[in-house]
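Beneath this line is the structure, given in structure tokens, with notes to follow.
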Amino acid sequence: MAEGAPISRSAIWRNAQVRAVFYQAVVLAGAVGAGFVIFQNTLTNLRQRGISSGFGFLRNEAGFGIAEVVPIPRLEGGFLAFMAAALGGLLVVILLAWVAGRRRRPLWSSGWGMAASLALLLLLPGAVLYVTHGTIRTETYTEQSTYGTALIVGLINTVLVSLVSCVLATVLGLLIGIARLSSNFLVRRFATLYVEVVRNIPLLLQIVFWYFAVIQTLPSVRQSIVVAPNVFLNNRGVYLPRPEAEAGLAPMLLALFLAVIAAMLWTRHARAERDRTGRQLPVVLPALGMLIGLPALSGLVLGAPFTLAHPELRGFNFQGGMVLTPEYTALVLGLSVFHGSYIAEIVRSGIEAVSKGQREAAQALGLRGGHVMRLVILPQALRVIIPPQTSQYLSLTKNSSLGVAIAYPELVSVAGTTLNQSGQAIEVIGITMAVYLTISLLISMGMNWYNARVQLVQR
Amino acid sequence: MTAPVSNPQALAADDAPPRREIGVWGWARRNLFRTWYDTLLTLCFGWLFYRIVAGLIGWGIVQAGFGTTPKACAGSQGACWAFIGDLWPLFFVGAYPHDARWRPALALLLVVALGLLTLWRRTRTRWLLACWLLAPLPILALIGGSATLGLAAVDSGLWGGLMLTLLLAVVGIVFGFPLGVVLALGRRSRLPVIRALSVGYIELIRGVPLITVLFMASIMLPLFFPSGFNPDKVLRAMIGITLFYAAYMAEVVRGGLQGLARGQEEAAAALGLTYWQTTAFIVLPQALRIVIPPMVGTFIALLKDTSLVAIVGLFDLLGIARTATANPNWLGRIVEAYVFAGIIYWVLCFSMSQASRRLELRFQTRAG
């Protein structure tokens, strides 16, 4: 201990900040180094195999067929105008909501703000579509189309299958979840059995079971099972009547839009009246009357919105109508049955999470059964339900990629074919992952926005 | 004042619940026939139950064909269990060589023994954890063969069936779990670079489907390594599953880390423990105990998702079920194959979830 030495100055490697910087530098160097080595190896390997990299292949002719193809609108003329209107309307609404939020008067709190935002979101794009729909040109995928088009078709199929399955899984999950809380012993047991069986068997097994063991063993076209009038079930899929748009469609949609606005304004008015005078005006019946009456009136006066084209057996197959292919049906069935069981558990635990005292207190205040559920139980249950529900929708969308196992042409399946034909493994897998990441991000953003609206506002 | 005092025994009899409220009939009234629509529901679901149970018994037992030859199923309308009776080894070990089948059986015995020890509270110690972490070595030596033990090598292309499914699951859990813990700690780190790398990895993996990661592992992995190194198909699938599920386990562990009271870390810091000491002796033991139930849920999901390797050309339990139906003696026995595979998966997953539920209940009673 020398005289006059600085007071216990610790060594530099004991300084917390220095150590933090050092650790991070080491980890970063490791990550960058590993990335660089992988990059170099990949380049070398690609050169050895004679594969050129880059995204130019997306413009090459695909040359393979896709069984389920939805026409894609070309990005020109009328469709561009429609997209501009839809996006512009959305942007203006977001801007208005932001401005209104700054002034501490939420956009949706005034009837006119609500009507204006609905008009911007729905009426504007609808009107543009009505004016320009004659000029929209579509491209239907053929073997001569490009790889890029093939991937877009795959993406559309992924979205189609996921959306429908999300809706079906939610309905099924709600029913089963409520059934698990039923006071009826058999109903409760049935729901429990469903959940325990379905949750513990791999989704992929269920999908291939629906496809290979159920749908493919259905009777042939000529022995089709008639499920309902003009609905047929056979080993080539489900045949349904197809609605075809008529001249009355646009007026009816307009009438429906006006009815929605009118019903919302009426509900608001009734609430304001009740708050002012304590008198409850009728809400449900007038609202229902508007929602059904106005479109019905439009249909009666201006003609039916659509006609049904029924499938008919001609020769060896059905003509007309629309068909849900076996692949599509199996995938939708598998996804909705599997995720329905998870959603059922989420719904059940959400309702059980609302404490018993809440229900009792609501009853003590004199609320009736429906009001107890709608005003007290559900708002609290939703807060518990929504976050796990979001992750179910996310995982359902990701699980739609299992369609590749039964050759449903969704994104991963089309990407697989593209990869095999073009050899551009890195680009194709990169695109696929990027697309799924984007979808996941969009779903989480939407559900987070909804979640923020229902969460308890704390000080 | 002069109200008749009823005899106390009669009063007690009056206080007893009416007969219609107790016993079997009381139960049935409360649970089955409370209202008229309750009765309707009971009748509908009773009929549904009857149809399902009767259908299953008829198909699976009464009309089924048992035995080991296709003759047993001639003319029967129900299930053909003779198909399973003939080919069941295929479902368990795939194309594994006949004379070496005792090796996977021994490996299975090892896993079952470890599992039983885990369920028994006395033996659930640090040593057991070490055993689990070391378990892949003897198992891989048994199944893949090893020169030191004098076991002939068996090519991984011949591995299949339930054996492969369990192998993928055990490897995924044993390697994915530590990686998940590291990622979770990284996500909670105060160092921005480490946090950003962890968050980036976790969110990237959780945003994409497992099948794309498996495709990446099976197609792109060979491109990432110097040209001499070419991991086989099974190893690639193992790497894909491990990397994928590590991200999910990280999120589960993070839940446990967040559930820990701040005071724990602060107290450890006040005692002068370093970051690693705090993490190893204070934080992780408590956090990991909280997350056992959700972690078992993740393990179950992993086990079920190993079936996806059938898509990238491995013959796990699901893949072999499909292959078995291509046997010329048993063409088209798809329903039996899938039902059998489904029952195996169900028994595995259901018993895991029940064990986790029991564990959870015990923690609750101990805490309360």
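Reminder, nothing fancy here: chain letters follow the sequence lines and each chain counts from 1.
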Discussion item. Determine whether B:N31 and A:R188 satisfy the following criterion, side chain to side chain contact (heavy atoms under 4.5 Å, CB included), listing intermediate values before the conclusion.
Written reply: CA-CA 10 Å; B:N31 286 293; A:R188 210 162 55 219; 3.8 Å; yes
Can you tell which of [options] has the highest number of heavy-atom pairs within less than 4.5 Å of chain A?
| options | answer |
| --- | --- |
| B:I311, B:L191, B:L41, B:I219 | B:L191 |
| B:I300, B:L308, B:L197 | B:L308 |
| B:R322, B:M352, B:R34 | B:R322 |

Say you draw a straight line from [atom1] of [X] to [atom2] of [Y]; how long is it, rounded to the nearest 0.5 Å?
| X | Y | atom1 | atom2 | value |
| --- | --- | --- | --- | --- |
| A:R199 | B:C349 | CZ | SG | 10.5 Å |
| B:L223 | A:T42 | CG | OG1 | 6.0 Å |
| A:Q24 | B:R195 | CD | CZ | 9.0 Å |
| B:S307 | A:I207 | OG | CD1 | 9.5 Å |
| B:F45 | A:S182 | CZ | OG | 8.0 Å |

With a 4.5 angstrom heavy-atom cut-off, could you sort out which part of [X] is near chain B: side chain, backbone, both or neither?
| X | value |
| --- | --- |
| A:L43 | neither |
| A:V435 | neither |
| A:A31 | side chain |
| A:Q48 | side chain |

Grab the two heavy atoms, one from [X] and one from [Y], that are nearest each other, plus how far apart they are.
| X | Y | result |
| --- | --- | --- |
| A:L437 | B:E203 | CD2-O, 3.9 Å |
| A:I201 | B:G342 | CG1-O, 4.0 Å |
| A:L186 | B:F49 | O-CE1, 3.6 Å |
| B:K304 | A:P202 | O-CB, 3.5 Å |
| B:T212 | A:M433 | OG1-CE, 4.0 Å |
| A:N45 | B:F224 | ND2-N, 4.4 Å |

Item to complete: Kindly determine whether B:I334 and A:F209 satisfy side chain to side chain contact (heavy atoms under 4.5 Å, CB included), including the steps that lead there.
Response: CA-CA 8 Å; B:I334 294 176; A:F209 184 85; over 6 Å; no
Can you tell which part of [X] gets under 4.5 Å to a heavy atom of chain A, answering side chain, backbone, both or neither?
| X | answer |
| --- | --- |
| B:F225 | backbone |
| B:I52 | side chain |
| B:V347 | neither |
| B:L204 | both |
| B:M220 | side chain |
| B:L32 | both |
| B:R190 | neither |

I'd like to verify something: which residue of [options] has the highest number of heavy-atom pairs under 4.5 Å with chain B?
| options | answer |
| --- | --- |
| A:I426, A:L28, A:V404 | A:I426 |
| A:V187, A:T432, A:L441, A:I439 | A:V187 |
| A:V197, A:T397, A:V37, A:T438 | A:V197 |

Fill in: A:S183 side chain near B:D38 side chain, heavy-atom distance below 4.5 Å
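Heavy-atom side-chain distance check passes, below 4.5 Å.
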Worksheet item: Are A:F185 and B:W27 close enough, and set up right, to give a side chain to side chain contact (heavy atoms under 4.5 Å, CB included), and what steps lead you there?
Response: CA-CA 10 Å; A:F185 176 77; B:W27 180 88; 3.5 Å; yes
Practice prompt. Using side chain to side chain contact (heavy atoms under 4.5 Å, CB included) as the criterion, point out the one residue from A:N399, A:L204, A:V412 that pairs with B:I211.
Written response: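 The single option meeting the side chain to side chain contact (heavy atoms under 4.5 Å, CB included) with B:I211 is A:V412.
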Discussion item. Please verify the inter-ring angle class for A:F212 with B:Y338; under 30° counts as parallel, over 60° as perpendicular, anything in between as tilted.
Written reply: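 A:F212 vs B:Y338 ring planes: tilted.
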Worksheet item: Is the side chain of A:N200 donor-acceptor paired with the backbone N or O of B:W346 at a distance under 3.5 Å, no angle test?
Response: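 Flag not set: sc A:N200 to bb B:W346 has no pair under 3.5 Å.
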Practice prompt. Carefully, step by step, assess A:N184 and B:T42 under the rule side-chain hydrogen bond (donor to acceptor under 3.5 Å, both in side chains).
Written response: CA-CA 7 Å; A:N184 187 308; B:T42 303; 2.8 Å; yes
Counting only heavy atoms not in [X], do more than 12 sit closer than 6.0 Å to its [atom1] atom?
| X | atom1 | result |
| --- | --- | --- |
| A:R189 | CZ | no |
| B:Q258 | CD | yes |
| B:E265 | CD | no |

